[in-house]
Amino acid sequence: MEVPEKILVVEFGSQYSHLIVKRIRLMGVYAELIYPEELRERLGPEVRGLVLSGGPMSVYDPDSPRISRDDLLSLGVPVLGICYGHQLIAHLMGGRVERSEAGEYGGVELSLVDRHRLVEGVPERSIVWMSHRDVVVEPPPGFRNLGSTRYIKYSILASDEYRIYSTQFHPEVVHTEYGEQILRNFVYGICGCKGGYDPFDIVEKYIEENRWRGDERALVAVSGGVDSTVTAYILREIFGDNLHLVFLETGFNRVGESEFVSRFFPEQGFEHVHIVDVRRRFLDTLRGVADPREKRSIFSRLYFEVLNEVVSRLEDRYGSFRYLGQGTLYPDVVETGRTSKYTDMIKGHHNVLHRELSRLEPLEPLRYLYKDEVRIVARRLGIPREVYMKHPFPGPGYLVRIIGPVDEERLEIVKRADSIVVEELRRSGLYEEVWQGFAALLGVRTVGVKGDTRSYEYAVAIRMVESEDGMTARHYEAPHSLLDRIARRILDEVDGVNRVLYDLSDKPPATIEYE
Ligand code: XMP
């Protein structure tokens, strides 16, 4: 993306890499995530600084990701290394890194031992977040130590001569009390950024640069969710009445979305809104499929098969279509954790598959943005709050919330249970406090009693998580009264369920969705 100033964040496999980028953007400076091998080609005159992210590997692992000492010394911009980045810098610059006996994890107390503008505004003692076994045991020549914890002497290193700085802890996570201050000191104080980045500028630029396409026809497959809605609004600026919206009612869409789409978009002046009911076809194709990967893959393929047919029908009526607008977000474009043990968990992403399966050219106006930024853009576009604050919902919908084989009964259970969770979250005023709240049907049936008879029915899991972008998540400490209400209602109102469980797992090691 062309912007007047930017910070590049090199991804070394940390689950927090996107968080670093997001934090910097939130303080008003555009940042991008790059892979180590792209470093040279991505350096341009607008780059004001470089951050080296954390990562799960050790600098002594032969295939650990890295950049070279030459790169580090010839960048011409200040560098901040975080965790693995801190160890890599020490290693490349002639210091010594070792696996520590008493590794520090989680929140620990940091004491500043020296003053420097990197730690301006940080009190003498504060809590920082650690998450690596390796530590620097001997700083490289020319580096000063600014802070120590109980077990890790060299927790912040600084060299004004090289303009290289680094921390053993993660300033980007909220548990580091003054992490934002440290990042701010780096970005503004040391790199000299001016600030003023606004995600809406990216959208305006996109519209300007793509106006020339507007005489052709484009289609957005809307789901009722935030991303496709915002995409539709942006593309309308370019295509006007040449924009068509299609809602495929697969039966796996979020409850209420079909009604929402058929009412909302025409009300908002969208000229062409097509609702296509394909519920039978989806259920018939997916009935009995149990394997999670197979479910996703069959769903995506069928989705595009149907969408391509719809395009052909629309073309018979309106003339040819050239573009397909997609709500792809930045985290879908730059995948993190490629080198981590979590790589296998990354799911075949619906949006990314679109590119292969559709015969139309993709348009992705949100591909540089994070969810919170999309919400900021949505507000500026005049989209109502209850629309842009909707929780994320997976592309394959309830399909990934039915563990085991899919059938009508199970689909009905998960939908009814899910609408109860959402309704009660809204009613309690806590809907916006959680990143996502939903129900999933566990594949197991357990014994219970109903009236005087023994029942053998399904268990439903309730999941509510807090998150910043879905890449990591913490289970929500839901008020017991809310959980109680939800459980009672599900047990009373949803046939086939005799047990309700609350999911206490965080991500990692769990994911947010169940499949
Ligand atoms: P996981 O389950 O990987 O989910 O922790 C992270 C976030 O991504 C959403 N998600 C999806 N979104 N298509 C989507 O558009 C998908 O296939 C998909 N799978 C998961 C999930 O709801 C959560 O917000």
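Sequence positions, counted from 1, serve as the residue numbers for this chain. As the structure lists them, so they are numbered: ligands from 1, and atoms in each ligand from 1.
- With a 4.0 Å cut-off on non-hydrogen atoms, Ala473 does not touch ligand 1 at all.
- Cation-pi contact between Arg236 and Tyr233: present, with separation from the ring centre below 6.0 Å and deviation from the ring axis of at most 45°.
- Ligand 1 places these atoms under 4.0 Å from at least one heavy atom of Gly470: 6 (C).
- No side-chain donor-acceptor contact under 3.5 Å links Glu208 and Tyr206.
- The distance from ligand 1 to the heavy atoms of Trp435 drops below 4.0 Å at these ligand atoms: 24 (O).
- Close approach of ligand 1 to Pro396 is summarised as follows: ligand atoms under 4.0 Å from at least one heavy atom of the residue are 16 (C), 17 (O).
- Atoms of ligand 1 lying under 4.0 Å from any heavy atom of Lys507, numbered from 1 in the order shown and given with element: 1 (P), 3 (O), 5 (O), 6 (C).
- Between His274 and His272, the ring planes are parallel. Angles under 30° get that label, and only those over 60° would be called perpendicular.
- Residue contacts with ligand 1 include Arg296, since one of its heavy atoms falls under 4.0 Å from the ligand.
- Only side-chain heavy atoms of Gln436 come within less than 4.0 Å of ligand 1; its backbone N, CA, C and O stay farther off.
- Between His244 and Tyr318, a ring centre-to-centre spacing shorter than 6.0 Å is recorded.
- When the heavy-atom distances from atom 14 (C) of ligand 1 to Gly395, Pro392, Ser300 are ranked, the shortest goes to Gly395.
- Nearest approach of Asn210 to Ile238, heavy atoms of both residues: O-CG2, 3.3 Å.
- Heavy atoms of Tyr514 come nearer than 4.0 angstrom to ligand 1 in no pair at all.
- Nearest to atom 21 (C) of ligand 1 by heavy atom, out of Glu515, Arg463, Glu513, is Glu513.
- Screening Glu513, Arg463, Glu466 for a side-chain hydrogen bond (donor to acceptor under 3.5 Å, both in side chains) involving Gln436 leaves a single residue, Glu513.
- Counting all heavy atoms, side chain and backbone alike, Phe239 lies closest to Glu216 at CD2-O, 3.3 Å.
- Using a 4.0 Å cut-off between heavy atoms, Pro394 contacts ligand 1 through both its backbone and its side chain.
- Classified by interplanar angle (parallel below 30°, tilted 30° to 60°, perpendicular above 60°), the ring pair Tyr84/His132 is tilted.
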